[in-house]
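In what follows, a single structure is set out as structure tokens and then discussed.
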Amino acid sequence: MKLVTAIIKPFKLDDVRETLAALGVSGITVIEVKGFGRQKGHTELYRGAEYVVDFLPKIKLEIAVDDPLVDQVIEAITNTARTGKIGDGKIFVFDLEHVTRIRTGETGPDAL
Amino acid sequence: MKLVTAIIKPFKLDDVRETLAALGVSGITVIEVKGFGRQKGHTELYRGAEYVVDFLPKIKLEIAVDDPLVDQVIEAITNTARTGKIGDGKIFVFDLEHVTRIRTGETGPDAL
Amino acid sequence: MKLVTAIIKPFKLDDVRETLAALGVSGITVIEVKGFGRQKGHTELYRGAEYVVDFLPKIKLEIAVDDPLVDQVIEAITNTARTGKIGDGKIFVFDLEHVTRIRTGETGPDAL
Amino acid sequence: MDKLTELAYALDTFYFLLSGALVMWMAAGFAMLEAGLVRAKNTTEILTKNVALFAVACIMYMLMGYNIMYPSDGNGIIPAIDLSFMFGGDHSAEKVLASNGETYYSGMSDFFFQVVFVATAMSIVSGAVAERMKLWAFLLFAVVMTGFIYPVQGYWKWGGGFLEGLGFNDFAGSGVVHLCGASAALAGVLLLGPRKGKYGKDGSINAIPGANMPLAALGTFILWLGWFGFNGGSELKISDVGEANAVAAVFVNTNMAAAGGLTAALITARLLFGKADLTMALNGALAGLVAITAEPLTPIPLAATLIGAVGGLIVVFAIITLDKLRIDDPVGAISVHGVVGMWGLLAVPITNSEASIGAQLIGLGTILSWVFVLSFITWLLIKVIMGIRVSEEEEWEGVDIGECGLEAYPEFVGAKGSAT
Amino acid sequence: MDKLTELAYALDTFYFLLSGALVMWMAAGFAMLEAGLVRAKNTTEILTKNVALFAVACIMYMLMGYNIMYPSDGNGIIPAIDLSFMFGGDHSAEKVLASNGETYYSGMSDFFFQVVFVATAMSIVSGAVAERMKLWAFLLFAVVMTGFIYPVQGYWKWGGGFLEGLGFNDFAGSGVVHLCGASAALAGVLLLGPRKGKYGKDGSINAIPGANMPLAALGTFILWLGWFGFNGGSELKISDVGEANAVAAVFVNTNMAAAGGLTAALITARLLFGKADLTMALNGALAGLVAITAEPLTPIPLAATLIGAVGGLIVVFAIITLDKLRIDDPVGAISVHGVVGMWGLLAVPITNSEASIGAQLIGLGTILSWVFVLSFITWLLIKVIMGIRVSEEEEWEGVDIGECGLEAYPEFVGAKGSAT
Amino acid sequence: MDKLTELAYALDTFYFLLSGALVMWMAAGFAMLEAGLVRAKNTTEILTKNVALFAVACIMYMLMGYNIMYPSDGNGIIPAIDLSFMFGGDHSAEKVLASNGETYYSGMSDFFFQVVFVATAMSIVSGAVAERMKLWAFLLFAVVMTGFIYPVQGYWKWGGGFLEGLGFNDFAGSGVVHLCGASAALAGVLLLGPRKGKYGKDGSINAIPGANMPLAALGTFILWLGWFGFNGGSELKISDVGEANAVAAVFVNTNMAAAGGLTAALITARLLFGKADLTMALNGALAGLVAITAEPLTPIPLAATLIGAVGGLIVVFAIITLDKLRIDDPVGAISVHGVVGMWGLLAVPITNSEASIGAQLIGLGTILSWVFVLSFITWLLIKVIMGIRVSEEEEWEGVDIGECGLEAYPEFVGAKGSAT
Ligand SMILES: Nc1ncnc2c1ncn2[C@@H]1O[C@H](COP(=O)(O)OP(=O)(O)O)[C@@H](O)[C@H]1O
Ligand SMILES: Nc1ncnc2c1ncn2[C@@H]1O[C@H](COP(=O)(O)OP(=O)(O)O)[C@@H](O)[C@H]1O
Ligand SMILES: Nc1ncnc2c1ncn2[C@@H]1O[C@H](COP(=O)(O)OP(=O)(O)O)[C@@H](O)[C@H]1O
């Protein structure tokens, strides 16, 4: 199993969620984060003093999936979240050693 | 070392924290997240228009533990966070390659 | 590639970000978290009843870096985020199996 | 001379209307105070209760309450009811001129001033039962309270009933309004039980901090301002030197009592807890206001300050004590309006030589027992019929979604669903 | 006798000034209501619009509007303009005494009372076009609206123009102020289009919840309070028994209509949606207030309650219907002030035997068409010159950063940039 | 005739009391403005300061201040003190009737009006020293300021002291209240130093955005409303045609100046920064109000607008300049009340031919130096005794937890502890 995490632009959340649901992904965890990367923040003036908004609001998704689905999930996110403009975000994939579903105690792929 | 992460229902936070402390877990990092899974959100009407609350508030815990403790931690969380109702959450375990304690520079299990 | 995550004190964020930028790190994702560890929260009285602020506000950084940079990044964070007082935080390192840049579809170290 | 009488009538009416408008504004004060002191997940619902109870109070008092409280006739205990106010009507100029100064303000302005008082009494209740009482059960209680329970005891004192006859003194309603509201609240809270998580099985008392302190402070300022109408308007007349001086003295004393109460509570909290607990300071200001309400005219300013300060002192201990008794009142309404309301009633004889402690005790006891008993029965009936408490799950999730279908702060992470 | 006349003049002036101050306060009410009902990312900008429109309204009405609306002369359709108000001046004591009661309050107080009315009309617009209209385009429209469009129709009715001559009844401005504001808003909304994401391609209507319910409730309470000045002051005089009674009746009816509107909307929403939608209840209270504004004097309190209740009922359906028509009005301003404003005008003949449904319809039609057409042209010109809508990207990111360079809640995670 | 005199007395008293109530309301305005412009982690504490300073001001002014400021006697510089106000007492009807119009309002109402002014002066201070000054040190200063420093200079002008004799003009207190508050604030800020992180070692100036813009806007609206009482009440009398006209003119000019100030600041900020900075617009409105306060009666409306507009222009540059001088004033209080207060004083001769620039300068200099020097000494003493600044760690963590033990927004992630 893998944990696919994706940093995306906030307004793409709904589209991505729908695409993933269509793929059969059964769960997603969403975290609001602030991103710092090639896409630069903006400098604002507040009462005449500078005010750099360095960190841009992003959404981080965490999706645990069984191995066969990984590539499809990556592709689906890439296609749906892309605007082609800088700051579209990243996908990171980690090895997931173990999963438990708290409700039932099931473990492994069944628990996803 | 492993990183155990758990997605749980928010109101279970205090109980889980206490159980883990009893196990000897020395640190926890807590993140407020929104979850999307089998447990469905609810549809509300706001001024007559539909308003789907898809994402339910959840708490994500991250606990770095040394290998011998992993199973106990998983079990403790499973038992404490379980309500038996859908949406109780998941536990994900990752391999943790390296740890540093910033204050002292210690690394490895000592740093936990 | 590795994912370096660091839990730090909030007011160190700007310094750490600058140090990392100087190292050539091209992106960081920042998450506000609450930490529970050796540093104890404080007990307050609200209207005469106790009110334990167990969880202290912390900042979690996630930085995906290519292998050669990992040690430098750990060192830089350790040095910059250290105040020497309890609660300075931890650095956790994970193996990062795969990276995609959503905008371009690039993968691997190029995508960082 | 006739024009002069008319002008005086106009001034008194205007003064009365503006006082009423200030009291109406107190509804906003209660709404903000309560919205600030509950958790985010219960905020929309407490706002809904506050706006809706005001509307219910106006309608019920128009339909029934006003005629019960100020009946054309009555035997001192049971008023003679005709329920005709809803059709309006006012004093003609001829009648005013012929009345020899007896009729000196508009009847409509009288209703306006009175109706906002009943809303105040009801607003006191909403805070105490916050975060767990069902919305519609609460509104049903509001119907009974504002249409019947409040007006009857109001009649006993202000409508010329037996308490008035006994020499019970209550200038602007430490008893008739504040103690009344608190008694109803107490009955509700006893039947309702504390919020989940407030008291541990081991006897521990857990703090449940309010979500929005600026709102709580704003609410207190609004109430403070509105109280100038509440007490100032209760002089009922302003159009000669003596009356104008009286109204001015009431303004000054009302303000000083609030200042005294705030200061005393802030210092007490600092000494007891080691910190300057803002919510206690706010409750202290309100306690000062409640304390002076029974007699804001006769004290000199220094005395008013002290009467308020004692109120501020009392309220801190009352809040702590109620918590020990496991009477869960999220905003401190029972302490502020009930416990300190009693202090206000009992303090009248200190500065008003016409008042007697005996009459004050009778008044206090009458109001407390009438309102408590009637309210208890009403709450109980509602409990049997439709239940008064939301489900455990709804309480965890917050009553906003369950009752109102919308969150108060939907975009702020953690606003909903946070633990405790 | 002269001193008596002077005193009456003073009382009437004072009453007028305080009424005006209460109406001024409504600007804060609109600001809070709108700030509560938009998303966090658009909050600073809506606040900026609200404070700035008030300033623009004051300045333009001083420079032009007041003289247009209350000209020294005119033919009933086109006023004779002299634009001299900005230089001030007031009635001398001699003139007052010689006027035989005709001149009974200060001219300056009249301007003050009038200028806050025009600000009210303009505040209605800001809510409807919120979250997508450019700030400076909006302010440019405010210049034209408050300097020209509003005053001209105001002249037709209150300045002694042809609508007054026709027997059109509009006591405090259900038409002249509320319908006027709503008509301008409608024209703007039609040209502007709905917010992105509000209506799906598949015909779905998406809710976009407001970010801060306590502010919305506070705003409604402020408006409710201010309305006592709005309607109460519109009697224009208080200094004898008849006038004092009239003002008191207006206070009572205004309050009862709000209560009726709130209750009706809350119950309707509960029946339709299954939940007690707070925002509908708030809109219901405002609807009740708008409904009674055309005639708050003649109804008995029961009738006022019912007129308000019908307003509250209408507003719920109006909001749903406008949404179906894809007319996107984030705060419900067009429904509250426009649709219910019409109801208010048409309800006048029910209780006022001097009003005729015909004259009411003519007035309604005149105001609606004049304001809508002129506003449409103005918006269109502004659109051509500088554009009226922010860029798509700015809309996604929130207009706060784009227009004002600062966030409303910069420290709260998720305040900005959250999806939808 | 006697009844007429009494009625006039009643009207003037009522007008005075309501004006005072509006000024009291300004305390809420300052509290909201400041709570909006500080960071979330310092919000509870600034609210606590604001409510507590009001209470302290009332008590100290009752005990000492009022008798110092309006003494029974004095030599123009040192007042003869008797400290008897706290025991109350008012004009008898006989005295009023015998006074031949000299005694035309209640003495108690005078105290009420005056006491809320001193609270205003003190409120100005709290904003400037926000986010780093110790709570109890601040309240100790409030004791000295409201009991002694303010009343002495108040005596010099309004109590019949030497500034009054010199022909110094300050209608409602651009100097006596606003410059006074700002001078005390400046002394405090200089001793206190800037907030950590405000100025970089490299000379950079960092913006520290306020946490809650709706509160800042609400605070400004409250102040705007309250200012009608502040300036309008300072005419002191309304009961004849001339006085009524004067009060009306004051209302109009006060409003126009605020509108002018807001517009000028908004446009200036837009031109300088490229964005419509809401906080500057709000400060601009307040600047307009401060500017007109020294003379709101003689200007024609157009002139009032311009005097306010100049104030709005000045305030933007003052804020930028103070920042360059590293004088850290989180809410802009020194610029709004101090710099623009001076402009207000100096602008009096433009429209009031009885004022001279010389007398204005003497008044300005006297108030500024007296208040600054005395305040500086007081702050210094407090600093020596108990310290005036919180610890570095407490400042990073926010003073809410350290001083008050509770967070303003405990449920919102990131409310506390966010960087900077
Ligand atoms: N090396 C990295 N480690 C962690 N997060 C990153 C990294 N690089 C980028 N990110 C995240 O991805 C977001 C988008 O990256 P950015 O460099 O701005 O644009 P792009 O995705 O187009 O390359 C950033 O805001 C940040 O949250
Ligand atoms: N595949 C997954 N990847 C990431 N998070 C998941 C996944 N499945 C579930 N979750 C998280 O766990 C929470 C609970 O899951 P859900 O399917 O609703 O119920 P249950 O835990 O009972 O199976 C979700 O709200 C989500 O936050
Ligand atoms: N075992 C752990 N797992 C996850 N997070 C931890 C762990 N230990 C500490 N942390 C995080 O690091 C923060 C600092 O740890 P703490 O024990 O307080 O001090 P120190 O870093 O000085 O050892 C905690 O607040 C928590 O967020």
Side-chain angles (χ1 to χ4, degrees), chain E residues 3-4 6-7 9-11 13-14 16-18 20-21 24-25 27-28 31-32 35-36 43-45 47-48 50-52 54-56 58-59 62 85-88 90-93 96 105-109 111-112 115 135-136 212 215 218 403-414, chain F residues 1 4 7-8 11 14-15 18 22 39-40 209-214 216-218 220-222 224-225 228 232 238-245 247-249 251-252 255-256 258-260 262-263 266 270 273-279 281-282 285 299-302 305 409 412-415 418:
Chain E
K3 260 203 89 180
L4 188 63
E6 293 213 22
L7 195 56
Y9 178 98
L11 177 60
T13 298
F14 184 49
F16 220 33
L17 288 171
L18 282 181
M24 176 269 155
W25 183 225
M32 293 302 112
T43 302
T44 301
E45 202 248 12
L47 292 167
T48 308
N50 270 278
V51 298
F54 189 85
V56 166
C58 290
I59 294 174
M62 173 190 73
F85 173 74
M86 62 191 103
F87 304 113
D90 215 321
H91 314 307
S92 67
V96 171
Y105 56 70
S106 145
M108 278 290 188
S109 72
F111 171 74
F112 184 68
V115 75
L135 174 66
W136 296 97
N212 198 323
L215 291 186
L218 175 64
E403 297 272 31
C404 301
L406 60 139
E407 296 170 60
Y409 312 98
E411 294 185 53
F412 300 94
V413 176
Chain F
M1 193 59 210
L4 188 61
L7 194 56
L11 177 60
F14 184 48
Y15 143 78
L18 282 182
L22 285 173
R39 282 164 292 176
N212 199 325
M213 288 305 123
L218 175 64
T220 303
F221 272 122
I222 292 175
W224 192 323
L225 174 62
F228 295 120
I238 195 168
S239 61
D240 63 37
V241 170
E243 297 291 352
N245 286 344
V247 174
F251 267 64
V252 168
N255 191 54
M256 292 315 302
L262 193 150
T263 309
L266 186 68
R270 175 69 183 73
F273 312 148
K275 295 283 170 90
D277 186 323
L278 171 64
T279 68
L282 300 178
I300 59 170
L302 188 63
T305 312
Y409 311 99
F412 300 94
V413 175
S418 66

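So you know, we letter chains A, B, ... as the sequences are listed, proteins then strands, and number each from 1. Because only heavy atoms are used, hydrogens play no part in the values below, and waters and symmetry mates are left out as well, while side chains stay in.
In terms of heavy-atom proximity, F/Pro301 sits nearest to E/Met108 at CG-CE, 3.7 Å. For E/Ala55 against F/Thr263, the heavy-atom pair with the smallest separation is CB-OG1, 3.4 Å. Residue E/Met62 comes nearest to F/Met256 through the heavy atom pair SD-CE, 3.6 Å, listed as atom of the first residue, atom of the second, then distance. The heavy-atom pair separating E/Pro410 from F/Pro209 by the smallest distance is CG-CB, 4.0 Å. When all heavy atoms of F/Ala248 and E/Ser109 are compared, the closest pair comes out as CB-N, 3.6 Å.
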Steps toward side-chain contact (heavy atoms from CB on, under 4.5 Å) verdict (E/Trp25, F/Ile222): CA-CA 8 Å; E/Trp25 183 225; F/Ile222 292 175; 3.5 Å; yes
Run the numbers on F/Asn255 and E/Cys58 for side-chain contact (heavy atoms from CB on, under 4.5 Å), then give the verdict. CA-CA 8 Å; F/Asn255 191 54; E/Cys58 290; 3.2 Å; yes
Just do the side-chain contact (heavy atoms from CB on, under 4.5 Å) check on E/Glu411 and F/Tyr409 with the steps written out, would you? CA-CA 11 Å; E/Glu411 294 185 53; F/Tyr409 311 99; over 6 Å; no
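With chain F as the partner, the residue from E/Ser106, E/Ser92, E/Gly36 showing the most heavy-atom pairs under 4.5 Å is E/Ser106. When each of F/Ala244, F/Pro214, F/Ala217, F/Ser239 is scored by its heavy-atom pairs under 4.5 Å with chain E, the top score falls to F/Pro214. Note: E/Val51 leads E/Val51, E/Asn212, E/Val115 in heavy-atom pairs under 4.5 Å with chain F. Taking chain E as the reference chain and counting heavy-atom pairs below 4.5 Å, the highest number among F/Val241, F/Leu262, F/Thr279, F/Ile300 is found for F/Val241.
Looking at F/Leu218, the atoms closer than 4.5 Å to chain E (heavy atoms on both sides) sit in the backbone and in the side chain alike. Looking at E/Ala52, both its backbone and its side chain come within 4.5 Å of chain F, counting heavy atoms on both sides. Proximity to chain F (any heavy atom under 4.5 Å) is shown, for E/Phe85, by both the backbone and the side chain. Contacts of E/Leu215 with chain F are made by side-chain atoms alone, with heavy-atom separations under 4.5 Å and no backbone atom involved. In this structure, the portions of F/Leu4 lying under 4.5 Å from any heavy atom of chain E include both its backbone and its side chain. Residue contact with chain E, scored on non-hydrogen atoms closer than 4.5 Å, involves the side chain of F/Thr305 exclusively. Proximity to chain E is limited to the side chain of F/Leu18, based on heavy atoms less than 4.5 angstrom apart. The part of E/Val96 that comes within reach of chain F is its side chain, from C-beta onward, which places non-hydrogen atoms under 4.5 angstrom from that chain. Heavy-atom distances place the side chain of F/Leu282, and not its backbone, under 4.5 Å from chain E.
Under the 4.5 Å side-chain criterion, counting only non-hydrogen atoms from C-beta, E/Leu406 is in contact with F/Asp277. Residues E/Thr13 and F/Val247 fail the side-chain proximity criterion, which asks for heavy atoms closer than 4.5 Å.
With hydrogens and angles left out, the side-chain atoms of F/Asp240 and E/Tyr9 include no donor and acceptor closer than 3.5 Å.
Under the 3.5 Å distance criterion, the side-chain polar atoms of F/Asn245 are matched with a main-chain donor or acceptor of E/His91.
Partner of F/Met213 under the side-chain contact (heavy atoms from CB on, under 4.5 Å) criterion, out of E/Thr44, E/Thr48, E/Thr43: E/Thr44 alone.
One distance of note links CZ of F/Arg270 with CG of E/Leu135; it measures 9.0 Å at 0.5 Å rounding. The distance from atom CG of F/Leu7 to atom NZ of E/Lys3, rounded to the nearest 0.5 Å, is 10.0 Å.
Aromatic rings from F/Phe228 and E/Phe112 are positioned such that their centres are separated by under 6.0 Å.
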